[in-house]
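Comments concern the structure below.
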Amino acid sequence: MTQTKHEIRSILTAAGVRPLKRFGQHFLIDGNLMRKLVAAAELRPDDVVLEVGPGTGALTEELVRQAGHVVAVEIDRTLQSVCRDRLGDRPNFTLIAGDVLGSKHAIAPAVRDALRSRQRGLGGRILLVANLPYQVATPLIVDLLIGQPPIAGMYVTIQAEVADRLQASPGTKDYGPLTVLTQALADLQRIARVPPEAFWPAPEVDSAIVRVIPRTGEPLPEATRQRLFALVHGCFNHRRKTLRWSLRNLLDADDLAGLEFDDRWDLTQRPEEIDVDGWINLARMLAEKPSRPG
Ligand code: SAM
């Protein structure tokens, strides 16, 4: 299933292009790691797989072979043509030409719609399986956890530094919005280390294959998830400030006064001192009472 460095280079040369740094074009050339990534997803014939950045289509071919349907989103025009030539005739392959993100924090509506409609047809799970371009990893993971349609699992290669942030503990420099949102909503596992030489061209940093499985037991209601998102982003934007300082901009006076007089909360804490359960409790409490506009 893997393409060698030589094969990828030939495909790009024939198309008259070189790998583009700005699109995070580091192609996975290590067959063992690619097999590990696909095997981790345990694909079923009724699964819909989202692949972000099919590139020259090596991983895509395997996904198309194993899944019910693959929705692949590619931003690079030349690579869109390469994918169409290689996979355009497969009935269970849809290529969306464009940016997977429709805005800074959310996936494009066309991608959501394609996933929904394919899932309606097949009745299985929606999974993300991808060697992610580094620029989109964080917003994509967060939006797939918070937004719709619900995703059953993500199996992705990401920069090791992003994996560290996903798994960080309170009080560390890596602990931030990505940590809180992911740990609040999902279980994480690092499946393999991916060294730079597993890619062509080699990036400057280590990567990792991770598995992110949203919890199904008692999912947080939509309003609480949205509250959590706004709270952690608003507060971690000012990491050095106290909770009281940041919440002044995020809550109305009544809600803030309620927290001041509630001894479960210590508003002199900084955001990195509050553990994941603390953030969930805060979001839950605030989401339960409607806040005033403005
Ligand atoms: N899937 C291939 C592989 O495993 O070797 C290529 C992966 S490469 C790390 C990332 C791919 O994502 C490239 O094909 C790049 O053009 C594409 N890409 C980058 N930014 C994107 C975006 N915002 N939306 C969709 N595709 C994007």
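Since we're looking at a predicted model, the values are computed, not measured. For ligands, and for the atoms within them, numbers begin at 1 and follow the listed sequence. Numbering of residues begins at 1 and proceeds along the displayed sequence.
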With respect to [atom], which of [options] exhibits the smallest heavy-atom separation?
atom                    : options                      : answer
atom 6 (C) of ligand 1  : Gly53, Ala97, Ala130         : Gly53
atom 15 (C) of ligand 1 : Phe23, Tyr134, Trp200, Phe27 : Phe23
atom 18 (N) of ligand 1 : Ile75, Leu79, Leu20, Leu132  : Ile75

Asp266: what forms a salt bridge (Lys or Arg N to Asp or Glu O under 4.0 Å) with it, not counting sequence neighbours?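 None.
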Of the backbone atoms (N, CA, C, O) and the side-chain heavy atoms from C-beta on, which set of Asn131 has a member under 4.0 Å from an atom of ligand 1: side chain, backbone, both, or neither?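 Both backbone and side chain of Asn131 come within 4.0 Å of ligand 1.
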Is the contact between Glu51 and ligand 1 made by the side chain, the backbone, both, or neither, using heavy atoms and a 4.0 Å cut-off?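 Only the side chain of Glu51 comes within reach of ligand 1.
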Nearest to [atom], what protein heavy atom do you find, and at what distance?
atom                    : value
atom 25 (C) of ligand 1 : Val73 O, 3.4 Å
atom 10 (C) of ligand 1 : Gly24 O, 3.7 Å
atom 17 (C) of ligand 1 : Glu74 OE2, 3.4 Å
atom 22 (C) of ligand 1 : Asp99 OD1, 3.7 Å

Do Val64 and Asn92 have side chains that approach each other closer than 4.5 Å (heavy atoms only, starting at C-beta)?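 Answer yes - side chains close enough.
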May I ask you to test the Trp265-Asn281 pair for a side-chain heavy-atom distance under 4.5 Å?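 Contact flag for Trp265/Asn281 side chains = yes.
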Ligand 1 N/O within reach of [X] N/O, cut-off under 3.5 Å:
X      : result
Met34  : no
Val100 : yes
Gln135 : no
Leu28  : yes
Thr56  : no
Asp76  : no

Excluding sequence neighbours, so at least two apart, what forms ring pair (Phe, Tyr, Trp, His ring centres under 6.0 Å) with His233?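 Scan of His233 (ring pair (Phe, Tyr, Trp, His ring centres under 6.0 Å), adjacent residues dropped) gives His105, Phe229.
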Is the shortest distance from a Lys or Arg side-chain nitrogen in [X] or [Y] to a carboxylate oxygen in the other one below 4.0 Å?
X      : Y      : answer
Lys173 : Glu272 : no
Asp262 : Arg264 : yes
Arg190 : Asp164 : yes
Arg165 : Glu161 : yes

Give a yes/no on ligand 1: does Gly98 have at least one heavy atom closer than 4.0 angstrom to it?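 Judged by the 4.0 Å heavy-atom criterion, Gly98 does count as contacting ligand 1.
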Pro54 to ligand 1, any heavy atom closer than 4.0 Å: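 Judged by the 4.0 Å heavy-atom criterion, Pro54 does count as contacting ligand 1.
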Check each atom of ligand 1 against the heavy atoms of [X] and keep those under 4.0 Å away; list them by number with element.
X      : answer
Val136 : 23 (N)
His26  : 8 (S), 9 (C)
Gly55  : 14 (O)
Gln25  : 13 (C), 15 (C), 16 (O)

Donor-acceptor pair, side chain of Arg227 and main chain of Arg284, under 3.5 angstrom: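 Checking the backbone N and O of Arg284 against the side chain of Arg227, no donor-acceptor pair under 3.5 Å is found.
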Could you walk me through whether Arg18 and Leu12 pass the side-chain contact (heavy atoms from CB on, under 4.5 Å) test, one step at a time? CA-CA 6 Å; Arg18 289 157 180 263; Leu12 297 187; 5.9 Å; no
Around Arg77, counting heavy atoms of other residues, nucleotides and ligands shown, do more than 12 lie under 6.0 Å from its CZ?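 Counting other residues, nucleotides and ligands, CZ of Arg77 stays at 12 neighbours or fewer.
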Would you indicate whether Glu42, at its atom CD, is surrounded by more than 12 heavy atoms from other residues, nucleotides or ligands within a distance under 6.0 Å?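 For Glu42, atom CD is not crowded (no more than 12 foreign heavy atoms under 6.0 Å).
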Given Ile96, which partner from the list Ile75, Val71, Val52 fulfils the side chain to side chain contact (heavy atoms under 4.5 Å, CB included) test?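 So the option named by the test is Val71.
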